[in-house]
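A short write-up of the structure that comes next.
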Amino acid sequence: MKKFIVANWKCNPTTLNQAKNLFNSIKKGLGAVKNTKVIICPPFVYLEELAKFKRTISLGAQDCYFQEKGAFTGEVSAAMLKDLGCDYVILGHSERRKYFSETNDLINKKLKSALEKGLKPVLCIENTSQIKQCLKGILKQKVIIAYEPIWAIGTGKTPSPAQAKSFNVKIKKLVASNTIVLYGGSVNAKNVEGFIIKSGFDGVLVGGASLKPKELINIVKFVDRI
Ligand code: 13P
């Protein structure tokens, strides 16, 4: 099975030009990858332009609303994202839970609408207790799970490979045998080996390091060789 590297650019960069440069530097540096699926998730506003260059890189959004259209000012629907050339969507990220008060119930609705419109969701969880409610009424193998401990996000701190492995094992017991499970939180080119080889994750969700083309390329190239 292919390993997954999901790049979450969060609210970066500030201009379309910077986004194009970043995307193209990553694409150029990666060349052909064989065993890895690379998914870049930029802010909504850059998706349409980046879709023109994507080729081997897939595109994902960082959120979507659960209604398809209507009077929901400021929201973007799964149908709109699919139409732009998106194949993936990150849902339930801890920053959305923290700053935008997203609940497991809301995330469950978003997951259902993403699946209905043909987007593959990457469901972020901070702990295993969030899985059941988020996945209520959803086939578990249809969703990619990304385990991101809050204390590891943007801090440079990471769980030990043994700690991360025990979480991976716990999560895998709660999902389907073929559900893809990723690790996220301060991943870089040096520590990615631990999460894949020692902890047995199927890939990683990368934040800060995905804004540095060299670092992201090194992460992907390492994983692609495994
Ligand atoms: P960092 O890699 O910057 O810690 O961010 C992790 C994350 O939140 C990815 O979604």
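Indexing begins at 1, ligand by ligand and atom by atom, following the structure's order. These values consider heavy atoms only, across backbone and side chains, with no hydrogens, waters or symmetry-generated copies.
For Asp202 and Lys172, the salt-bridge test passes: some basic side-chain N is under 4.0 Å from an acidic carboxylate O.
In the hydrophobic cluster analysis, where Ile, Leu, Val, Met, Phe, Trp and Tyr join through side-chain heavy atoms closer than 4.5 angstrom, Val89 is grouped together with Ile107.
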Ligand-protein N/O pairs under 3.5 Å (ligand 1):
residue	atom	partner	partner atom	Å
ligand 1	2 (O)	Ser186	N	3.4
ligand 1	2 (O)	Gly207	N	2.9
ligand 1	3 (O)	Gly208	N	2.8
ligand 1	4 (O)	Gly154	N	2.6
ligand 1	4 (O)	Ser186	N	2.8
ligand 1	5 (O)	Lys10	NZ	3.2
ligand 1	8 (O)	Lys10	NZ	2.8
ligand 1	8 (O)	His93	NE2	2.8
ligand 1	8 (O)	Glu148	OE1	3.4
ligand 1	8 (O)	Glu148	OE2	3.3
ligand 1	10 (O)	Asn8	ND2	3.0
ligand 1	10 (O)	His93	NE2	2.9
ligand 1	10 (O)	Glu148	OE1	3.3
ligand 1	10 (O)	Glu148	OE2	3.1

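The side-chain tip of Lys170 points at the ring of Phe167 from less than 6.0 angstrom away and within 45° of straight on.
Shortest non-hydrogen contact noted between Pro121 and Leu91 is CB-CD1, 4.1 Å. The shortest non-hydrogen separation linking Thr179 to Gln141 is OG1-CA, 3.6 Å. Here the closest heavy-atom approach between residue Ser199 and residue Ala164 is recorded as OG-CB, 3.5 Å.
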